[in-house]
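Read through the structure below, which is laid out as structure tokens, and then see the notes.
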There are 2 protein chains.
Amino acid sequence: MAQSDTVDRILDAAEELFAERGFSETSLRMITSKAKVNLAAVNYHFGSKNALIHAVFARFLTPFSATLEKAFDELEESCGDQPPTLNQTLWALTESAVRMPQRNEKGISIFMRLLGLAYTQSQGHLRKFLEQEYGDPFSRFMRLLKAATPQLSAVDRYWRIQFMLGATAFTMSSSDALRDILQNKTGVETSVQEIAMRLVPFLAAGMQAEDTMLVPPRGSKVSVA
Amino acid sequence: MAQSDTVDRILDAAEELFAERGFSETSLRMITSKAKVNLAAVNYHFGSKNALIHAVFARFLTPFSATLEKAFDELEESCGDQPPTLNQTLWALTESAVRMPQRNEKGISIFMRLLGLAYTQSQGHLRKFLEQEYGDPFSRFMRLLKAATPQLSAVDRYWRIQFMLGATAFTMSSSDALRDILQNKTGVETSVQEIAMRLVPFLAAGMQAEDTMLVPPRGSKVSVA
DNA sequence: GTCTGTTTTAAACATACGTTTGAAGCCAAT
DNA sequence: ATTGGCTTCAAACGTATGTTTAAAACAGAC
């Protein structure tokens with residue numbers, strides 16, 4: 001090999017270990033020993049551990065955000081002048097994620113877990129990096145959601161979007177463990193695609209829930225402030 | 001002070017710091033300096049950092065699980081021989097959480113965030129501890145959910161419960177930050193109680209979503225494996 | 001006051017971490 | 001063959017971590 005593939009080996013090992021154990025729980029020494037490269041290689045090629053984390057995300061997110069923008073383009077065009085529905089918007093996102101070319105069979109689930117960790121773990125530098133680099137497609141997704149749920153008040157929509165993000169990030173962030181539990185219990189295998197197909201209708205139904213259910217059942221001691 | 005309140009001061013500081021920064025990102029020195037106690041006090045009173053983490057959870061979870069069991073008792077009794085509805089079950093849980101006596105105004109949101117971290121962060125010892133100590137009320141909640149959603153297949157129910165947990169843990173875990181954002185944007189104040197009142201109908205609607213929505217819209221390339 | 005068991009303290013310990021260093025290795029161009 | 005620019009390597013650096021130690025401080029009982 002004329003030019004070594006050290007960089008890719010580091011990225012592969014880091015991606016997998018970060019997804020398994022989180023960022024601060026994964027040391028550079030674990031990464032370099034899994035990648036079978038010298039410890040100093042990380043700082044030589046990436047500069048720092050934080051920069052390596054950014055690179056792991058960029059390797060997936062850059063092509064993904066391009067795919068997503070294209071999917072939104074097609075969706076909006078096919079809808080003419082009326083806005084895409086909630087279901088269409090959610091599916092456009094889901095399909096873009098599921099159809100991304102993957103390095104291996106664990107591809108999506110690894111990356112979903114990383115995204116979940118990014119949101120959950122309070123890594124300030126990561127959130128800032130993701131916002132700066134990939135804030136645009138996210139804003140566009142939010143705009144589509146707004147147009148698809150005109151019946152919701154701004155406050156309701158705001159909270160329900162948080163609920164959706166939560167269900168998604170949380171489930172994906174622990175999806176490997178959850179899948180294993182389910183398989184042990186019922187023997188059923190579940191792919192990330194199938195999880196996504198179960199998640200979307202759950203989210204869509206939640207987003208469109210009737211407000212009337214907001215009233216607690218009789219005997220409740222909770223009251224609106 | 002005859003006998004110092006060192007133990008409680010450590011627990012208070014640890015609880016807040018863990019919630020803010022996660023477990024491995026919080027050092028014993030941060031905790032002891034915030035609590036204004038000697039570094040060795042943690043190992044003296046608790047034995048180890050992991051044992052301190054367990055103690056933080058036990059201080060809240062023990063009274064909470066008692067309250068919850070009582071709420072479930074009352075609910076099942078008031079329902080006679082037919083099982084409680086999904087809404088009733090969710091509200092019983094929500095009210096038990098909201099009505100717990102709190103040490104301060106941040107009480108619930110801190111603890112929700114800790115619960116989220118416990119699930120998300122791959123701390124094996126913690127998951128094992130929580131399962132052993134508080135598995136019973138959790139199983140009971142699951143049983144109630146099962147009785148309240150007989151129309152769902154076991155697999156569907158399993159995943160939808162995960163989605164519910166995710167939306168709840170995630171939202172509650174960052175509810176302080178989210179509340180602030182919303183207030184800055186719209187000037188609207190939101191209490192934890194109000195968030196809960198918006199969350200429950202979202203979850204109930206998601207749980208009861210029609211399976212027919214599982215079919216992707218026309219033109220979709222996603223297929224069930 | 002003296003003793004006794006508990007709690008607090010400052011200091012040290014061993015280990016692990018991210019990062020840096022300077023020499024060695026390598027490969028293509030001169 | 002020699003140069004020059006990347007890349008790899010073993011070793012070390014400085015710092016931070018959880019934990020342990022042994023002495024000091026304290027409180028209540030006699």
Side-chain angles (χ1 to χ4, degrees), chain A residues 1-59 114 117-118 121-126 128-129, chain B residues 1-59 114 117-118 121-126 128-129:
Chain A
M1 51 190 98
Q3 184 189 325
S4 156
D5 48 352
T6 304
V7 169
D8 288 312
R9 295 240 300 285
I10 292 176
L11 285 174
D12 288 339
E15 182 177 87
E16 204 160 330
L17 285 171
F18 284 152
E20 271 175 25
R21 325 176 24 97
F23 303 111
S24 11
E25 290 85 354
T26 302
S27 71
L28 292 187
R29 284 168 176 82
M30 292 180 200
I31 295 171
T32 54
S33 99
K34 177 177 186 123
K36 293 194 179 104
V37 301
N38 187 273
L39 167 62
V42 170
N43 287 279
Y44 175 75
H45 286 287
F46 297 94
S48 71
K49 183 181 180 180
N50 279 354
L52 169 62
I53 296 177
H54 297 176
V56 167
F57 276 85
R59 183 167 66 149
L114 285 180
L117 287 181
Q121 217 137 322
S122 65
Q123 302 261 2
H125 67 96
L126 221 193
K128 209 167 293 178
F129 169 78
Chain B
M1 49 188 97
Q3 186 190 322
S4 156
D5 48 351
T6 304
V7 169
D8 287 314
R9 295 240 301 285
I10 293 176
L11 284 174
D12 288 340
E15 182 177 88
E16 204 160 328
L17 285 171
F18 284 152
E20 271 175 23
R21 323 176 25 99
F23 303 113
S24 13
E25 291 85 353
T26 302
S27 71
L28 292 186
R29 284 168 175 83
M30 292 180 200
I31 295 171
T32 53
S33 98
K34 178 178 184 119
K36 291 190 180 112
V37 302
N38 187 275
L39 167 63
V42 170
N43 287 281
Y44 175 76
H45 287 286
F46 297 93
S48 70
K49 183 181 179 180
N50 279 355
L52 169 62
I53 296 178
H54 297 176
V56 166
F57 276 86
R59 183 168 64 149
L114 285 180
L117 287 181
Q121 216 137 323
S122 65
Q123 302 262 2
H125 68 96
L126 220 193
K128 210 167 293 177
F129 169 78

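To find a chain, count down the sequence lines: A is the first, B the second, and so on, and within it residues start at 1. Nothing here was measured: the structure is a model prediction, and the numbers come from that model.
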Give a yes/no on whether any side-chain N or O of [X] is located under 4.0 angstrom from OP1 or OP2 of [N].
X        : N      : result
Thr6(B)  : dT8(C) : yes
Asn38(A) : dT7(D) : no
His45(B) : dT8(C) : yes

From [atom1] of [X] over to [atom2] of [N], roughly how many Å is that when rounded to an integer?
X         : N       : atom1 : atom2 : result
Leu28(A)  : dT20(C) : CG    : C1'   : 13 Å
Ile31(B)  : dA16(D) : CD1   : C1'   : 15 Å
Tyr44(B)  : dA23(D) : OH    : C1'   : 15 Å
His125(B) : dG18(D) : NE2   : P     : 12 Å
Asn43(B)  : dA12(C) : CG    : P     : 18 Å
Phe46(A)  : dT19(C) : CZ    : C1'   : 16 Å
Ile10(A)  : dT19(C) : CD1   : P     : 13 Å
Asp5(A)   : dT8(D)  : CG    : P     : 9 Å

What's the closest nucleotide to the side chain of [X] if the choices are [options]?
X        : options                   : value
Leu39(B) : dT19(C), dT19(D), dT9(C)  : dT19(D)
Arg29(B) : dT8(C), dC6(D), dT19(D)   : dT19(D)
Ser27(B) : dT8(D), dT17(D), dG18(C)  : dT17(D)
Ser48(A) : dG18(D), dA10(C), dT19(C) : dT19(C)

Q.
Quick one: does any side-chain atom of Lys36(B) pair with a main-chain N or O of Arg9(B) as donor and acceptor, under 3.5 Å?
A.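 Side chain of Lys36(B) to backbone of Arg9(B), a donor-acceptor pair under 3.5 Å: no, none is there.
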Nearest-0.5 Å distance that lies between atom [atom1] in [X] and atom [atom2] in [Y]:
X        : Y        : atom1 : atom2 : value
Ile10(A) : His45(A) : CD1   : NE2   : 5.5 Å
Asp12(A) : Glu16(A) : CG    : CD    : 8.0 Å
Lys34(A) : Glu20(A) : NZ    : CD    : 5.5 Å

Q. With a non-hydrogen cut-off below 4.0 angstrom, is Thr32(B) in contact with a base, only sugar-phosphate, or nothing?
A.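 No contact.
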Q.
Under 4.0 Å, counting only non-hydrogen atoms across every strand here, what does Ala40(A) touch: a base, just sugar-phosphate, or nothing?
A.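 If one applies the 4.0 Å heavy-atom cut-off, Ala40(A) turns out to touch a base.
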Q: On the 0 to 90° scale, with breaks at 30° and 60°, tag the Phe57(B)-Phe23(B) ring pair as parallel, tilted or perpendicular.
A: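 Tilted.
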